[in-house]
A.B. asks: 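Here it is: the structure, laid out below.
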Amino acid sequence: MTISPETRDLAQRLLTYEAAAGKSSMPLESATLRTYERLRQCIVSFAGVASFQSIAVRALMLAQVEVPSLCAVQVSANGSLQGFSDSEHRITIDIDQAGNQQSGEDPPGEAGSIFIAWILNLLLTFLGEALTLSLLRDAWPDATFDDRNSGNGRKA
Amino acid sequence: MTAEDKVKINKLPTGVPGLDEIVGGGLPEFSFNIIAGAPGSGKTTLAHQFVFANATPERPALYFTVLGESAIKMLRYQQQYTFFDPSLLPGSIRFINLSQVVLEKDLGAVLEEITKEVTKSTPAVVVVDSFRTMVRGPQDGMDLQAFIQRLALFLASWQATTFLIGEYAEEELRDNPIFTVADGLFWLRQTTERNSIVRKLQIVKLRGQASVPGLHTFRITDAGVQAFSRTFGLTASRRSALGLKRLSFGIPEMDKMLDGGVREGDSVLVAGSSGTGKSVLATQFIAEGIRLGESGIVAVFEERPQAYAERAATLGLDLEKPQNEGKLEILYLRPLDLSVDETMHSILSAVQKIGAKRLVIDSLAGFEMALSPGFRADFRESLYRMIFALTGIGVTILSTVEVDESFIEFPFSTYSISFLTDDIIRLRYVSIDGQLRKIMTVIKMRGGNHAKDIREYEITSQGVVILGTRLTNYQGLIGGLPVHTGRSAAQEDALHDSEIERNS
């Protein structure tokens, strides 16, 4: 199972939107948590805690294949995310210590982007593009979403 | 109090084809309704259709899900229906999950949550799916009846039309205090009849307006629930005046036997055993109508439309051209689990589409076989409703029926349906001079002075051809084994006249 570039792009745009919408000085992992929290509230509202929690757990497991350090992250019974900040911090330190932060390497925040992309991927699988984008519009009323294949008009 | 003084109850479209007719024109606005039925009977789909038909951004619909089917899965499946418009979510239709409240709190908290959301959005439509799963045990502070009473009061005040969806078994219908609160009670049934599934819908109660009583069949297709009213959607139609016009068969001698032809709006039964030419006669009836500018429908059950048209072509009758010109439709109806109401819906749609004046049902035996086994028991009653409805709007129906050939009796039909028909034409084989020949006679013609003659006919490349004059020099023709009397027609007539004189 893979995530399409469009879905990765959509996740990245949501994170960027959250980073910009919040204080610009905020670290990127906060943008991930804020994005996650908005998704959680939106999905819990229409599908319930249990539905969201199971989707989040599944997305986390799939993301861990690409980013093993996400193994430290857990989804609690109410769907909230635990241990994510620590995980992001560890990724950043690893990259710095290896002196590897050069062009082409995963930047810090990539773990969050992959995790959010997997959540979106599951929503797209279960609900289809039209309903998923409707949900995102509801969660981010100020953002503009067209379809995933078009960057036109998409502010997030 | 005059009619003007009375409060006007608006009727909302149900979004379910056929259901508006059944509920008396639409669902009463601000009514509090319960949709009950077994799992898989179509309750959620019906509620979704109502929601999608009525929700607007100004007056949205709130769809509360409780325990049971996951909302994500529900939307995954529901969006497959053609009525599902994702652009209405979440602006006009909002799905709200209450499972956590139900699991952690009591019905009072659920009511509070619904009240909060309704107050916030002032919805036109509220659905609670499934309200029955809210009752989890005796520890609940508020019982279900009290909950529903308070919910009904609240939602009526907030001018919302409401559907509560609940899983109920048939035996729970009686003496259930929950149902007394509801303004409308929709009961969906699903039963297995041998290898077929039969779905039926009943409006058990509906306050404020008259609904069509009884069980109505419905089907769930890609378009969602489609209901078929027992009145076939013709309750608003006025019955046509009795027709004076005579419809020709295109066979002059036969028209003479029928006192000029079949009276418009009649139901004609052509009965005979296999090979006597019932279908040929039916095809000639339709073809002559088309020739005279009267569009027609042929409902076939035993052969494909193409084969039917090809067989007509061997008689010199072109059914391809009128089909292409929209003057003829050949309907092939044979899915083996049809209800008469569905068949009727297909026929009626075709009648309305092309303005058909003549309808051929070829044959009643094939029609019966196409029905689900459960509907076959009601075949006579259904046929009565169908014939009454169609002739009522001025359509002339010719049905063919196969009867077992007997040489000791003269049956008209195996269905005991002759009382349903205005006219009966009987075809049969007779053994004459070492040949198996064919004879026809008009048995009955309501309101017409039909010929009493027994006529011999043949099926030729021109169709049915009636031969010579009436058969006079035989006795016992209708028994199939006539005796040659050697008397001429003139002698027969003289004998007949003297017999009348003697008895008068």
Side-chain angles (χ1 to χ4, degrees), chain A residues 7 10 14 37-60 62 75-80 118-150 153-154 156, chain B residues 44 48 51-52 55 57 60-105 109-110 113-114 116-118 120-121 123 126-130 133-134 136:
Chain A
T7 307
L10 182 59
L14 290 177
E37 197 51 33
R38 279 219 203 196
L39 281 171
R40 183 169 81 100
Q41 282 172 15
C42 166
I43 297 168
V44 163
S45 162
F46 94 92
V49 172
S51 288
F52 176 78
Q53 203 259 358
S54 57
I55 284 175
V57 169
R58 171 74 174 145
L60 186 59
L62 291 163
V75 178
S76 65
N78 70 359
S80 63
W118 275 111
I119 294 176
L120 296 177
N121 192 59
L122 289 174
L123 289 176
L124 288 162
T125 303
F126 293 132
L127 295 175
E129 183 168 320
L131 275 189
T132 302
L133 292 182
S134 287
L135 279 174
L136 298 183
R137 280 187 203 103
D138 195 35
W140 281 272
D142 297 332
T144 306
F145 300 93
D146 284 341
D147 59 75
R148 285 182 303 146
N149 297 317
S150 164
R154 192 192 293 143
Chain B
T44 296
H48 269 91
V51 159
F52 276 88
L62 295 185
Y63 199 107
F64 293 99
T65 54
V66 194
L67 299 173
E69 187 184 4
S70 140
I72 287 180
K73 282 176 76 177
M74 181 179 73
L75 289 177
R76 178 174 168 77
Y77 296 129
Q78 287 293 322
Q79 67 177 279
Q80 305 306 318
Y81 292 116
T82 52
F83 66 80
F84 192 100
D85 178 2
S87 70
L88 294 183
L89 275 72
S92 301
I93 302 170
R94 295 196 74 89
F95 286 83
I96 300 164
N97 187 272
L98 297 176
S99 56
Q100 209 65 15
V101 186
V102 172
L103 286 169
E104 292 172 359
K105 298 175 184 172
V110 174
E113 191 65 26
I114 293 175
K116 191 182 84 186
E117 293 289 348
V118 169
K120 198 163 69 183
S121 329
V126 172
V127 178
V128 182
D129 184 5
S130 137
T133 57
M134 289 185 206
R136 301 182 50 249

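Hydrogens, waters and symmetry mates play no part in the numbers below; they use all other heavy atoms, side chains included. Naming: A, B, ... by sequence-line order, numbering from 1 per chain.
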A.B. asks: Is the shortest side-chain heavy-atom distance between B/V127 and B/F95 below 4.5 Å?
C.D. replies: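 No, their side chains stay 4.5 Å or more apart.
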
A.B. asks: Go through the steps to decide whether A/L136 and A/L120 satisfy the test side chain to side chain contact (heavy atoms under 4.5 Å, CB included), and finish with yes or no.
C.D. replies: CA-CA 10 Å; A/L136 298 183; A/L120 296 177; 3.9 Å; yes

A.B. asks: Does any non-hydrogen side-chain atom of A/L133 lie less than 4.5 Å from one of A/L10?
C.D. replies: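 A side-chain contact under 4.5 Å exists here.
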
A.B. asks: Could you tell me which non-hydrogen atom of A/A77 sits nearest to which non-hydrogen atom of A/V49, and how far apart they are?
C.D. replies: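 For A/A77 and A/V49, the tightest heavy-atom pair comes out as O-CG1, 3.4 Å.
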
A.B. asks: Return one line per donor-acceptor pair between chain A and chain B under 3.5 Å, naming both atoms and the distance rounded to 0.1 Å.
C.D. replies:
| residue | atom | partner | partner atom | Å |
| --- | --- | --- | --- | --- |
| A/S45 | O | B/N97 | N | 2.6 |
| A/A47 | O | B/N97 | ND2 | 3.4 |
| A/T125 | O | B/R76 | NH1 | 2.6 |
| A/F126 | O | B/R76 | NH1 | 3.3 |
| A/L127 | O | B/Q79 | NE2 | 2.5 |
| A/S134 | OG | B/P86 | O | 3.4 |
| A/S134 | OG | B/L89 | O | 3.0 |
| A/D138 | OD2 | B/R94 | NH2 | 3.0 |

A.B. asks: Check A/A59 against A/L122 and note the closest heavy-atom contact, atom names and distance.
C.D. replies: N-CD1, 3.7 Å

A.B. asks: Evaluate the side-chain proximity of A/I55 to B/I72: yes if any heavy-atom separation is below 4.5 Å, no if none is.
C.D. replies: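 Yes, their side chains come closer than 4.5 Å.
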
